[in-house]
There are 2 protein chains.
Amino acid sequence: MRISTKGGYGIRAMYELAMAYGQGPVPLKTVAERQSISEHYLEQLMGMLRRAGLVRGIRGARGGYELTSAPEAIRVGDVLRALEGPISPISCVDHDGFSECVRLEQCPTRGLWKRLRDSMTAVLDSTTLADLCREAQEDNL
Amino acid sequence: MRISTKGGYGIRAMYELAMAYGQGPVPLKTVAERQSISEHYLEQLMGMLRRAGLVRGIRGARGGYELTSAPEAIRVGDVLRALEGPISPISCVDHDGFSECVRLEQCPTRGLWKRLRDSMTAVLDSTTLADLCREAQEDNL
DNA sequence: GTAATTCCTAGTGAAACACTCGGGATTAAT
DNA sequence: ATTAATCCCGAGTGTTTCACTAGGAATTAC
């Protein structure tokens with residue numbers, strides 16, 4: 001029941017971009033250093049986030065990455081879905097369809113997995129990047 | 001954010017044993033057939049469940065497996081922990097200690113992972129095998 | 001033009017997953 | 001006593017994913 005480092009790195013990187021929101025793009029190198037993440041690996045993750053429409057890459061000198069919308073509008077769940085696929089403990093209760101389960105409606109565990117999925121989604125979709133920034137500020141007082 | 005098939009198979013196998021609780025041991029072969037799980041693979045999972053103290057194996061002809069306690073007393077979370085380790089999205093918020101995170105208290109995401117862990121645990125530890133049996137009965141009416 | 005940056009493709013070692021295989025130990029029924 | 005059913009154990013295997021690394025092309029500020 002683990003997220004991969006992709007998810008963890010991704011959230012931390014997005015937190016950095018959220019902290020700098022409105023102040024121009026942040027270069028990958030800076031994000032990687034601040035969060036101790038391999039630069040090249042993070043590059044790949046940023047690619048996924050860009051293709052998912054969550055960040056914008058600005059090329060050339062003085063370039064970098066920035067959020068495409070305000071930290072208040074980006075949910076942790078969005079970031080995780082872009083990097084790790086559907087938030088769901090098992091494919092047969094994925095929201096985006098294609099369950100492929102033969103058992104389907106007569107499965108004794110389906111209800112359980114749905115409840116689990118919903119409780120995970122509730123947490124992840126009710127927390128935004130802005131919330132993370134606020135919490136960090138509160139902690140470091 | 002997926003459980004592996006270990007977890008899924010394990011819960012379904014335990015459900016079968018719960019349905020037969022008090023009626024003598026169920027042979028592995030029967031469980032495997034009823035739930036369409038590879039017999040040899042399930043054998044390995046039952047080994048883990050046995051070592052975790054959740055089931056008892058009875059050897060010889062007319063042998064099989066049975067729960068060591070009543071279905072009401074076995075939580076889905078117990079089964080999952082035996083097969084997949086701690087229920088926690090990331091190791092630094094594992095309940096059983098050893099976090100090894102340098103960032104530790106000044107991490108902007110720790111609070112998030114704790115909330116996620118707690119909401120997962122709440123679902124998984126409030127559902128017992130008896131609940132699964134009851135739900136299955138309700139559905140198949 | 002040069003330096004800083006994103007962007008893209010490909011490769012790689014380690015680990016886990018989901019099995020398969022073969023055989024040994026134990027027990028109930030005959 | 002034999003046989004058949006069953007659990008128990010260890011080893012091996014193909015596939016996938018992870019978490020990187022490497023190298024270079026394209027773009028842009030100065």
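If you're wondering where the values come from, they're calculated on a predicted model, not measured in any experiment. Note on naming: letters A, B, ... go to the chains in the order of the sequence lines (proteins, then strands), and numbering restarts at 1 for each one.
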Visitor: Quick one: does A/Ser126's side chain have a donor or acceptor within less than 3.5 Å of a partner on A/Val123's backbone?
Guide: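 Checked: pair present.
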
Visitor: Of A/Lys6 and A/His40, whose closest DNA chain D nucleotide lies nearer the 5' terminus?
Guide: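 In this pair, the answer is A/Lys6.
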
Visitor: Could you tell me the boundaries of the chain A footprint on DNA chain D, defined by atoms under 4.0 Å from its heavy atoms?
Guide: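 Going 5' to 3' along DNA chain D, contacts run D/dC18 to D/dC30.
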
Visitor: Verify the contact: side-chain N or O of B/Thr5 to OP1 or OP2 of C/dC17, cut-off strictly under 4.0 Å; return yes or no.
Guide: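 Result: no.
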
Visitor: On DNA chain C, compare the nucleotides closest to A/Gln44 and A/Arg56; which residue's is nearer the 5' end?
Guide: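 Its nearest nucleotide being more 5', the pick is A/Arg56.
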
Visitor: A/Leu45 CG to C/dT6 P: how many Å, rounded?
Guide: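 In whole Å, C/dT6 P and A/Leu45 CG are 14 Å from each other.
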
Visitor: Please tabulate, for side-chain N and O atoms in residues 38-66 of chain A, each donor-acceptor pair with protein atoms closer than 3.5 Å (sequence neighbours left out).
Guide:
residue : atom : partner : partner atom : Å
A/Ser38 : OG   : A/Tyr41 : N            : 3.3
A/Arg56 : NE   : A/Glu66 : OE2          : 3.1

Visitor: Provide the closest heavy-atom pair for B/Asp94 versus B/Ser88 in the form atom of the first, atom of the second, distance.
Guide: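 Closest approach of B/Asp94 to B/Ser88: OD1-OG, 2.9 Å.
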
Visitor: Output the rounded distance in Å from CE (B/Met48) to C1' (C/dC19).
Guide: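 Atom-to-atom, B/Met48 to C/dC19, this comes out as 12 Å.
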
Visitor: If I take atom OH in residue B/Tyr41 and atom P in nucleotide C/dC21, what distance separates them, rounded to the nearest angstrom?
Guide: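 Between P of C/dC21 and OH of B/Tyr41: 16 Å.
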
Visitor: Check for a donor-acceptor pair, side chain of B/Gln35 on one end and backbone N or O of B/Ala13 on the other, with a separation under 3.5 Å.
Guide: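 No, the answer is negative, given that no donor and acceptor are paired below the 3.5 Å cut-off.
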
Visitor: Please report the distance, rounded to the nearest Å, between CG in A/Leu49 and P in C/dT6.
Guide: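 Atom-to-atom, A/Leu49 to C/dT6, this comes out as 14 Å.
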
Visitor: Does A/Arg117 use its side chain to pair, donor to acceptor, with the backbone of A/Val93 at less than 3.5 Å?
Guide: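 Side chain of A/Arg117 to backbone of A/Val93, a donor-acceptor pair under 3.5 Å: yes, one is there.
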
Visitor: So, are B/Glu138 and B/Arg134 salt-bridged, with charged N and O less than 4.0 Å apart?
Guide: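 Salt bridge between B/Glu138 and B/Arg134, a charged N being under 4.0 Å from a carboxylate O: yes.
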
Visitor: Determine the minimum heavy-atom distance between B/Pro71 and B/Thr128, stating which atoms define it.
Guide: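 B/Pro71 and B/Thr128 have their closest heavy atoms at O-CB, 3.5 Å.
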
Visitor: Is any NZ, NE, NH1 or NH2 atom of the basic residue among B/Asp131 and A/Arg115 found under 4.0 Å from an Asp or Glu carboxylate oxygen of the other?
Guide: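 Looking at B/Asp131 and A/Arg115, the cut-off is not met.
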
Visitor: To the nearest Å, how far apart are B/Arg50 CZ and C/dT26 C1'?
Guide: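 So the CZ-C1' distance, B/Arg50 to C/dT26, works out to 13 Å.
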
Visitor: Under a 4.0 Å N-O cut-off, is there an ion pair linking B/Asp78 with B/Arg75?
Guide: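 B/Arg75 and B/Asp78: salt-bridged.
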
Visitor: Atom pairs under 3.5 Å, N or O on each side, protein against nucleotides 1-5 of chain C: can you list them with distances?
Guide:
residue : atom : partner : partner atom : Å
C/dA4   : N3   : A/Ala61 : N            : 3.2

Visitor: Between A/Ser4 and A/Glu43, which residue's closest nucleotide on DNA chain D lies nearer the 5′ terminus?
Guide: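 Its nearest nucleotide being more 5', the pick is A/Ser4.
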
